[in-house]
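Indexing begins at 1, ligand by ligand and atom by atom, following the structure's order.
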Amino acid sequence: MRKKYYNMVEEMKGKIRVFCRIRPVNRSEAAQGGVVVVDKLDDHSVMVDTPRGPREFQFDKVFSAESSQEDLFQDTNRLIQLVIDGYNVCIFAYGQTGSGKTFTMVGDKDQKNPGIMPRAFNAIFDVMQENSSRFTFKVSAYMLELYNDRLQDLLISQAGEAHAQTQPHSPARRVEIKRNRKGVVFAQGAETKEASSAQELFALFQQACNSRHISATKMNVESSRSHLIIGIMVQSKNLTNGSVSTGKLSLVDLAGSERAAKTGAKDHQLKEANSINKSLSALGDVISALSAELPHVPYRNSKLTQVMQDSLGGNAKTLMIVNVSPSECNLDETLTSLIYATRVKAITNNAQRNVESKEIAQLKEVIMRLKSGQTVEEVDV
Ligand code: ADP
Ligand code: MG
């Protein structure tokens, strides 16, 4: 009870919430003897057996190997309501390769056990449905892959992109990370598509996963070597007073966090490993600076930290899920991940609603129409 209320207070103060998920022992670990050294003690604590004795870590919630995708999502669902209310929310998974990040965020391959992303798509439209008598909504999304510190737009077909680049007058599209006056990150130049149902959003997601797969085979890499970044914007218009709020849900499946490049890596593999390490170590530096409350936070050192700038120390409600293997053979990486996650817990964000009065929303709409060359009647505000 004490831990529970303590966690609630921490959340109210704007602390980033951190969940820990222990995955089941896998086949290759079982073949090596399957010695388990990570154990859930209670809903908020995890115990790790180290050669120097047991070590306990505390998190907002701990999920054991028996926890289902539904169990995990139950605690996530609440965040969806915040997006609809006009907050920025970020959910990301962190951990070494094979620890269960993609399983947690995306789900298994045939989607028999969907993860947070597809569940969130449904939840967004469910919440909108419940509120449909008082609000109208507009949902749009961008989906990006960050690979070797390059942002790839997953909603543009490869063929379309190749075509655009052969056209003399169409400049190659570049996605750039920018922030608006309120500090909210947006992907300038990224294809942003509207979705009017959970199915449509899921179809966009599948399209993105497919183009991720294409570029992955072309470059001969697995998806675990790139970061998947999804942004879903929800605009809600209050039918009673005309105010408009815009919330954003960022969903991030990070590449594996393991330290050094494995021996025997070829040139391009080394480059990849270095760039993954570079972006994740930049993330680590940002987290250190924030948790130590240093005046300068080095967001600009990598694209990843720029993309996540509003989610870490910024204007967002953020949930990190640290995924760990239960087995002795991964003990070092598990400890590193848990220590890292403990530092993230100390970061405070300052989430505020993005809401505009009816008047401002109207004026902005007029400006947009004028920009696109339409004629507009003068409005009284
Ligand atoms: P990562 O994305 O961290 O590299 P994956 O999510 O791809 O790891 O997980 C590695 C393997 O373990 C996959 O085959 C995945 O289906 C399986 N797995 C991970 N977590 C779980 C879990 N909680 N329950 C069942 N299988 C899991
Ligand atoms: Mg993965």
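Counting heavy atoms closer than 4.0 Å to ligand 1, residue Asp108 contributes nothing at all.
Which of Phe63, Tyr94, Phe103 comes nearest to atom 27 (C) of ligand 1 through a heavy atom is settled by distance: it is Phe103.
Ligand 1 has Ser99 within reach: a non-hydrogen atom of the residue lies less than 4.0 Å from it. Residue contacts with ligand 1 include Gln96, since one of its heavy atoms falls under 4.0 Å from the ligand. Note on ligand 1: Thr97 sits in its first shell, one or more heavy atoms being nearer than 4.0 Å. By the 4.0 Å heavy-atom criterion, Gly95 is excluded from the residues contacting ligand 1.
In this structure Asp285 satisfies the side-chain hydrogen bond (donor to acceptor under 3.5 Å, both in side chains) test with no other residue, sequence neighbours excluded. Under the rule for a side-chain hydrogen bond (donor to acceptor under 3.5 Å, both in side chains), Gln306 has no partner lying at least two apart in sequence or in another chain.
Taking 4.0 Å as the cut-off between side-chain N and carboxylate O, Lys278 and Asp149 count as a salt-bridged pair. For Glu145 and Arg150, the salt-bridge test fails: no basic side-chain N is under 4.0 Å from an acidic carboxylate O.
For Thr97, every N, O or S atom stays at 2.8 Å or more from the Mg ion (ligand 2).
Side-chain atoms of Thr305 and Ser302 include a donor-acceptor pair closer than 3.5 Å.
Taking only nitrogen or oxygen atoms, main chain and side chain alike, Lys101 reaches within less than 3.5 Å of ligand 1. Between Pro24 and ligand 1, not a single N/O pair is under 3.5 Å apart.
Listed here is the closest heavy atom pair of Val139 and Met128: CG2-SD, 3.5 Å.
Ring pair Phe205/Phe121 is perpendicular by interplanar angle, where above 60° counts as perpendicular and below 30° as parallel.
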